[in-house]
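A quick write-up on the structure given underneath.
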Amino acid sequence: MSEALDKRAADGDARRMVMSGHSRELRAEARFDVILSGGGLVGMSLGVALADAGLQVAVIDREDPAKVVDAPFDGRASAIARGSQQVLSTIGVWQHVGVDAAAILDIRVSDGKVGRRPSRLFLHYDSADLGEGPMGYIVENRVLRRALQARAAELPGLSLLAPLTLESDRRSAQGAEALLSDGRRLTAPLLVAAEGRNSPLRRRANIPVTTWDYPQAGIVCTLYHELDHAGTAHEHFLPSGPFAVLPLTDDEQGRHRSSLVWTEKRELVAGFMAMDDVAFAGELQRRFGYGLGKITVEGHRWSYPLSLMHAARYHDRRLVLIGDAAHQIHPIAGQGFNLGLRDVAALAECLVDARRLGLDLGSPSVLERYQSWRRFDTLAMLAATDGINRLFSNDLPPVRLARDLGLAAVNRLGPARRLFMRHAMGVVGDLPRLVRGEPL
Amino acid sequence: MAPSTPRRPRSATAGQSIDAAEIEKFSRLAARWWDPEGEMAPLHAMNPVRLQFLRDQAVRHFGLDERSLAPLAGLKVLDVGCGAGLLCEPLARMGAQVTGIDAADESLAVARQHAADSALEIDYRHSSVEALAESGETFDLVTALEVVEHVADVPGFLGACCQVVRPGGALALSTISRTPQAFAFAIVGAEYVMRKLPRGTHDWRKFLKPSELAGAVRRQGLEVREVAGMVYHPLSREWHLSRHDLSINYLLWAERDPDTA
């Protein structure tokens, strides 16, 4: 790197945000502390956390920032565990979510068969048990994206480069280099892959992955119902998989809404997806009952094949993986984004601590600390969600009885149940500072 | 492994202009010396704890902000025996204005090349601390890590190091103790190192115990404020600071009275 380049890179304005519409010039070459490939929920969260701590970050995303906040781009909602909410709050994102977050005050887990009332033996989590406020929130992904963009715009250290792709990367002992689709060349001591399950950076680094496929797919949409959900999240276990109805805030017309995450046998999903809104709502009503009154659906429906994936390593030379690029878990407990945010919190802490000691951010010891911190938690969550899915996606009578009794037993064990709850809320274990709600 | 900078071959050519082939050669050497898994691996592994000690002591003594990304901003630092710049670069990234001196031209060339590649401004000089002391130049903080054990005239060396500390400034040293543990550790290290590097890395008889080093520093008029051991955990392959275990590698922090002339 020439001295001249360094001088240019030192010029803050040269690497300010370039967003479609109101783009400001970014020089052909620029030096950052971290180059992040992938500006999804997890990637943007890391970008914001690092820029908030004073680092210079480039976030490269292939999508147009104006489009990702539209409902048709992503109609999913994310369950934000309390630990995750603390992360988002500490890095200044939650303030932009505002009133669009629906608090989860109660979680009811039940089990049943289609057309039959949910079993009376159910696991009941009430936030009053913990006495620490809501157990978490359900927020639409587009609301989260909008909040992340708003926070990013406040941070001079964050450059969102979109819509662009990272065409090629070069990583050596000296540093890392990223060549973008518009011909620009960026350098940094570290590349972060937040590109999702099919991460091109991970593939080019030849990091092997282990995958498990499930004969199931998830159907996701927004449903409207007559009665107020009162902050209750329902997870109803059916033989073909869990059926979750998660509370959303009322829409502009004051209609009560929830987010549906329905796991179904893969071969049946196409049929449900092809149904008209009335027939589809009828299927939901048959499974869920009338606890929330009459159900109607409108707007997009999405379906996703279910699978688990885990990368053999979370880092390579000057490259580190976060979120779905490192691991993808069964969406059963809504833990995907929560796990991703824990990656964000741990990696941000490792990098900021290293930066305050003047260490090379891409050095193996820094990346190794992140990996050893995150691996155990991730594998535990992978095993837990896989186990829950296997236990509940089963219609054998003895298994049904056992799990009915098992759920009832868990319900009676006060302290154990509180521990389960705290884990699901993401506040147990060796916690990164951001998860504890402390600044980096 | 006993982490310690190997004695570098001295070069007679102290040419000012360096040709392209030389730059190429030094880049290759830099790649080797700077490879965290290469022959300098023990020093790379030790760097985080050394830096933590230096930063924490500097923050306390000079009243700085440890949460800053540039906690040493405004400090003028001299690194004695800087080698390829393994300590100078992090110090510069922490915001210090760094001067690195070494007797070996080759490692200085490597250091200059690497600093340029890392876009860091560091003043590397081919000099001895004794020569610098004669010039009268002083610094806020003087570091000489893993150097004392290679020096022939320890009192003379320490005297010069103390002299280049400004009144109110500080001196940080690290070395290997003269204990049976250190001896065993150094042999393992020396065997490891000597396969790849010039001979004569360590002479155990020249190692100083913490009390001896502290005494020598006090005789120069500095106050010893902190001594910490560096303990290697083979399983995690990480170094940790220890207040109690000074038996092998240790760090020492001393301060010069603001009123001394």
Side-chain angles (χ1 to χ4, degrees), chain A residues 1-11 29-34 50-57 157 171-177 187-190 315-318 348-369 371-373 433 438-440, chain B residues 27-38 40-41 43-56 58-59 64-73 75 77 85-96 98 113-122 235-239:
Chain A
M1 202 65 22
S2 71
E3 222 172 275
L5 172 58
D6 177 44
K7 288 212 176 70
R8 268 182 280 147
D11 172 8
E29 298 183 342
R31 182 185 283 266
F32 292 88
D33 291 317
V34 173
L50 294 176
D52 185 51
L55 269 61
Q56 298 290 327
V57 190
R171 296 174 285 113
S172 69
Q174 265 321 306
E177 221 179 80
T187 62
L190 180 65
H315 63 87
D316 196 69
R317 174 181 268 182
R318 297 194 180 278
E349 185 166 330
C350 291
L351 294 179
V352 169
D353 283 354
R355 186 69 176 68
R356 287 188 181 131
L357 287 177
L359 295 171
D360 179 343
L361 297 185
S363 58
S365 62
V366 174
L367 306 185
E368 188 57 36
R369 183 183 165 213
Q371 169 168 293
S372 53
W373 202 353
R433 292 197 288 270
E438 295 164 17
L440 287 171
Chain B
S27 296
R28 271 203 316 276
L29 269 177
R32 273 170 55 204
W33 289 6
W34 276 89
D35 178 359
E37 273 129 31
M40 296 293 186
L43 275 186
H44 282 281
M46 209 184 222
N47 234 9
V49 283
R50 305 197 308 185
L51 289 161
Q52 192 194 326
F53 179 83
L54 292 177
R55 181 199 61 186
D56 293 351
V59 161
L64 307 167
D65 176 12
E66 66 169 352
R67 296 176 63 82
S68 160
L69 292 184
L72 304 188
L75 284 192
V77 179
L86 256 61
L87 193 71
C88 288
E89 289 201 9
L91 291 172
R93 271 196 218 97
M94 281 196 271
V98 182
Q113 182 66 41
H114 197 273
D117 289 343
S118 308
L120 291 169
E121 267 189 44
I122 295 165
L235 276 181
S236 66
R237 285 182 293 166
E238 278 179 3
W239 289 83

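Convention: sequence-line order gives letters A, B, ...; per-chain numbering from 1. Quick note: numbers below take in every heavy atom, side chains included, and nothing from hydrogens, waters or symmetry partners.
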- [ ] Below 4.5 Å from any heavy atom of chain B, which atoms of A/Pro189 appear? Answer side chain, backbone, both or neither.
- [x] neither
- [ ] Measure A/Ala354 against the heavy atoms of chain B and call it side chain, backbone, both or neither at under 4.5 Å.
- [x] neither
Open item on the list: Is the shortest side-chain heavy-atom distance between A/Glu349 and A/Glu438 below 4.5 Å?
Closed with: no
Open item on the list: When you compare the side chain of B/Trp33 with that of B/His114, does any pair of heavy atoms fall below 4.5 Å?
Closed with: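 Not touching, per the 4.5 Å side-chain cut-off.
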Task: Residue, of A/Val366, A/Leu359, A/Leu55, A/Asp360, that accumulates the most heavy atom pairs under 4.5 Å with chain B - done: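 Among A/Val366, A/Leu359, A/Leu55, A/Asp360, the one with the most close pairs to chain B is A/Leu359.
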Task: Most chain A-contacting option - heavy-atom pairs closer than 4.5 Å, from B/Asn47, B/Leu51, B/Leu54, B/Leu69 - done: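 Highest number of pairs under 4.5 Å: B/Leu69.
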- [ ] Sort B/Pro48 into side chain, backbone, both or neither according to what part of it lies under 4.5 angstrom from a heavy atom of chain A.
- [x]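 Both parts, heavy atoms under 4.5 Å.
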Task: CG-CZ distance between A/Leu50 and A/Arg355, expressed to the nearest 0.5 angstrom - done: 11.0 Å
Task: Parallel, tilted or perpendicular: ring planes of B/Trp34 versus B/His44, cut at 30 and 60 degrees - done: perpendicular
- [ ] Heavy atoms only: give me the nearest B/Arg55-B/Pro71 pair and the separation to one decimal.
- [x] CD-CG, 4.0 Å
